[in-house]
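The structure under discussion appears below in the form of structure tokens.
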Amino acid sequence: MRVGRVEVAAEGAGGSITAVGGETRWVDDLVGVMRELEGERPRWVWGDGREFYPGVLKADLRVSRCHDLFLTEGLLLAAEGRFGEPRSVGAAYARLHGLPVPGERAGPVAGDQGTLFETASEAPPVPAAEMVAEVHADQLRRIAAREDPARFGLLVAAESAGGLIAAEMSHDGMPWRRDAHDALLTELLGPRPAHGMRPARLQHLADEVSAAFGRQVNPDSPQQIVKAFKTAGVTVPSTRSHVLKQVEHPAVAPLLAYKELARLFSFHGWVWADQWVHGDRFRPEYVVGGVVSGRWATSGGGALQIPKIMRRVVVADEGWSLVVADAAQLEPRVLAAMAGDRGLAHAAGEIDLYSALAQSFGGARDDAKLAMLSAMYGGTSGDASKLLALMRERFPRAYGFVEAAAKAGEDGKLVRSWLGRTSPPPSDSWRELVSTPEGTRAARDRGRFTRNFVVQATAAEWALAMMAVLRTRLPAPAHLVFFQHDEIIVHCPAPLGPEVAAVVHDAAVEATHLLFGSTPVRIPMETAIVSCYADAK
DNA sequence: ATCTAACGCGCC
DNA sequence: AAAGGGCGCGTTAGAT
């Protein structure tokens, strides 16, 4: 069903609302009016979902789809080679009208007070509805002007859906059993210590380290550790755990144990839980498109770095289940589809891509995997060069695809994902460095970045498309509670588990079709219906 | 007192 | 000879 776009701008409790092409109305209860209109499933157009949508959720309304001007502006600016310019509606409007751009870091202005910056700190004094309307119209024009407007439009829709999902996941929270978390910490570290103190187990390990060195050493200080080892006659280049594992010294064992537990204590300990877990729900702050490749980042809570050992405290509510699903071997499958490499696509039609690859190689699965990863990451270590030669021979189009991306990067050019997300340009200092004799290293570094960018960014947009589809098809009250690059968790009443798993499967198929049309490549999701996250795979 | 860089390691 | 892409974030240690 084709339905219209409706622009909204909140101002206090009320706001303005405009069916595109029609009159702008002021309404005192914006969310109430939106609730009535949502039945027609319009695409809501708003400035910045991070500000706008949480209030809508608090009022218990969820919308089907939106066009997020802030997120879209970021995609467009990057595609236009203007990476990093301010993305707010106010900034976009100011650019349209040649006004000072809020948030812009302009060059220093001559003055007798040293460094002054010409910055418009606030949006232009124009009604929000007017800014939304003009920026929206401008964005639609710029999307239409892209090389492939249909693909870019899909990217915009997927990114905007990501904005909805991120807000909803923060709103709903991920099940997180505070009592189980506390028990786990106590088991590993000892009881919760007083503020500013080490837990008993950590203090014990720290004392062991000092005893082994025969003097007081702070195990949190790499400098002190390196010095202490030197005094003991052992020279270490760093205190990374894989380095220390090679060292024979009585301090090593307690030190490694200390480092592991200290990280748990400070990153995901009691203080962390006090801040981020409430009512047995973990509510992190996601940053949609926070990584240049389009992956999400977090601005708090470290949701994308939760140690695996913590999975045991993620437990479904009584009578509910977690449907845990991840897209296995997503990046090589995406590469196969993008590059149109028939051989690789054939292998990517199998459940275990690397095994299929190994057959084609006539080698071991591990070799095939290393070859694939080296091609995507630009690695050349160990046996990789031999394997890469084989890769080039057997899968010339896939190999050529990532090589071309690497070459473009080395030449300082931009690269784009399948749907048109664009890499940042190299910095001025990079350009200077690359033109010098010592510049080859910098060029190769950027080549590796752009080589990986095309694959990682396309994988990220596949995941966004998959979630966007999934979100609209989930049977109520099932809802997404977690997303980590290629993995999702849905929380649902237990009887709905199998249906949700089926919907996840369908969403993956649909996303593959949306991006790549007809392709032999399959991007399957492995799903598990569990009550505890730790029980998945 | 506050900011920043480096380190190191958790996740994909 | 070795070598890989992307992040967040707590701690230390040095700079301001």
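Nothing here was measured: the structure is a model prediction, and the numbers come from that model. Per chain, numbering begins at 1; letters A, B, ... match sequence-line order. The figures that follow rest on heavy atoms only: side chains count, while hydrogens, waters and symmetry mates do not.
- Side-chain atoms of A/Arg394 come within 3.5 Å of backbone N or O of A/Ser360 as a donor-acceptor pair.
- At a cut-off of 3.5 angstrom, counting only N and O atoms as typed in the model, there is no donor on one side facing an acceptor on the other between the side-chain of A/Arg240 and the base of B/dC9.
- Look at A/Tyr377 and the base of C/dG4; the rings do not stack under the cut-offs of 5.5 Å between centres and 30° between planes.
- Against DNA chain B, the stretch residues 522-530 of chain A makes no heavy-atom approach under 4.0 Å.
- Between A/Phe229 and A/His249, the ring planes lie perpendicular to each other; the angle is over 60°, past the 30° to 60° tilted range.
- In this structure, A/Arg448 reaches the sugar-phosphate backbone alone: every heavy-atom distance under 4.0 Å involves primed, P, OP1 or OP2 atoms, never a base.
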What does the list of N/O pairs under 3.5 Å between the protein and nucleotides 1-5 of chain B look like, with a distance for each?
none

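- A 6.0 Å sphere centred on CG of A/Asp274 holds more than 12 heavy atoms belonging to other residues, nucleotides or ligands.
- Counting heavy atoms from C-beta on, the side chains of A/Ile165 and A/Tyr286 never come closer than 4.5 Å.
- The CE atom of A/Met466 sits 14 Å away from the C1' atom of B/dC12 (whole-angstrom rounding).
- A gap of 16 Å separates the P atoms of C/dG4 and B/dC9, to the nearest Å.
- Note on A/Asn218: a side-chain N or O is less than 4.0 Å away from OP1 or OP2 of C/dT12.
- Nearest heavy-atom pair, A/Thr235 versus A/Lys230, reported as atom, atom and distance to 0.1 Å: OG1-NZ, 4.5 Å.
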What are the atom names and distances for every N/O pair under 3.5 Å that joins the protein to nucleotides 7-10 of chain C?
residue: C/dG8; atom: O4'; partner: A/Gln305; partner atom: OE1; Å: 3.2
residue: C/dG8; atom: O4'; partner: A/Gln305; partner atom: NE2; Å: 3.1
residue: C/dG8; atom: N2; partner: A/Arg263; partner atom: NH2; Å: 3.2
residue: C/dC9; atom: OP1; partner: A/Gly300; partner atom: N; Å: 3.2

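- Across residues 158-167 of chain A, not one residue has a non-hydrogen atom less than 4.0 Å from an atom of DNA chain C.
- Rounded to a whole Å, the CG atom of A/Leu261 is 16 Å from the C1' atom of B/dG8.
- Neither OP1 nor OP2 of B/dC7 sits under 4.0 Å from any side-chain N or O of A/Thr239.
- The residue A/Arg441 sits apart from the nucleic acid: no heavy atom pair falls under 4.0 Å.
- Rounded to whole Å, the distance from CE on A/Met467 to P on B/dC12 is 16 Å.
- Within the 4.0 angstrom heavy-atom criterion, no nucleotide atom of any strand lies near A/Leu330.
- For the pair A/Glu159 and A/Thr72, the minimum side-chain heavy-atom distance is 4.5 Å or more.
- Taking the side chain as every heavy atom from C-beta outward, A/Trp176 and A/Val481 never approach each other to under 4.5 Å.
- In terms of modelled atom types and a separation under 3.5 Å, the side chain of A/Thr298 and the main chain of A/Gly301 share no donor-acceptor contact.
- Near-neighbour residues of DNA chain C inside residues 252-259 of chain A, defined by a heavy atom below 4.0 Å, are absent.
- Atom CG in A/Asp220 sits about 13 Å away from atom C1' in B/dC9, given to the nearest Å.
- A side-chain N or O of A/Tyr258 and one of A/Asp220 form a donor-acceptor pair less than 3.5 Å apart.
- The interatomic distance linking A/Trp462 (CH2) with B/dC12 (P) rounds to 16 Å, in whole Å.
- Across A/Arg451 and A/Ala406, no two heavy atoms sit closer than the pair NH2-CB, 3.6 Å.
- A heavy-atom distance below 4.5 Å is found between the side chains of A/Phe83 and A/Val292.
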Please determine whether ring pair (Phe, Tyr, Trp, His ring centres under 6.0 Å) holds for the pair A/Trp296 and A/Phe483, giving the CA-CA distance in whole Å, both sets of side-chain angles, and the decisive distance to 0.1 Å. CA-CA 9 Å; A/Trp296 289 14; A/Phe483 168 50; 4.8 Å; yes
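- No more than 12 heavy atoms of other residues, nucleotides or ligands shown are found within 6.0 angstrom of CZ on A/Arg392.
- Atom CZ of A/Arg240 sits in a sparse spot, with 12 or fewer heavy atoms from other residues, nucleotides or ligands closer than 6.0 Å.
- For the pair A/Asp48 (side chain) and A/Arg50 (backbone), a donor-acceptor distance under 3.5 Å is present.
- The shortest side-chain heavy-atom distance between A/Ile225 and A/Pro222 does not fall under the 4.5 Å cut-off.
- Proximity of A/Leu344 to A/Pro332: side-chain heavy atoms (C-beta onward) are nowhere separated by under 4.5 Å.
- Ring planes of A/Phe516 and A/Trp418: tilted class, angle from 30 to 60°.
- Residue contacts for A/Gln484: at a heavy-atom cut-off of 4.0 Å it reaches the sugar-phosphate backbone alone, with no base atom in range.
- Environment of CD in A/Glu487: crowded, with over 12 heavy atoms of neighbouring residues, nucleotides or ligands closer than 6.0 Å.
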Pull out every protein N or O sitting under 3.5 Å from an N or O of nucleotides 14-16 of chain C, one pair per line with the distance.
none

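- Whole-Å rounding puts the A/Phe453 CZ to B/dC12 C1' distance at 16 Å.
- The main-chain N or O of A/Leu433 is found under 3.5 Å from a side-chain atom of A/Thr436 such that the two form a donor-acceptor pair.
- Across all strands, A/Gln224 comes closer than 4.0 Å only to sugar-phosphate atoms, never to a base (heavy-atom distances).
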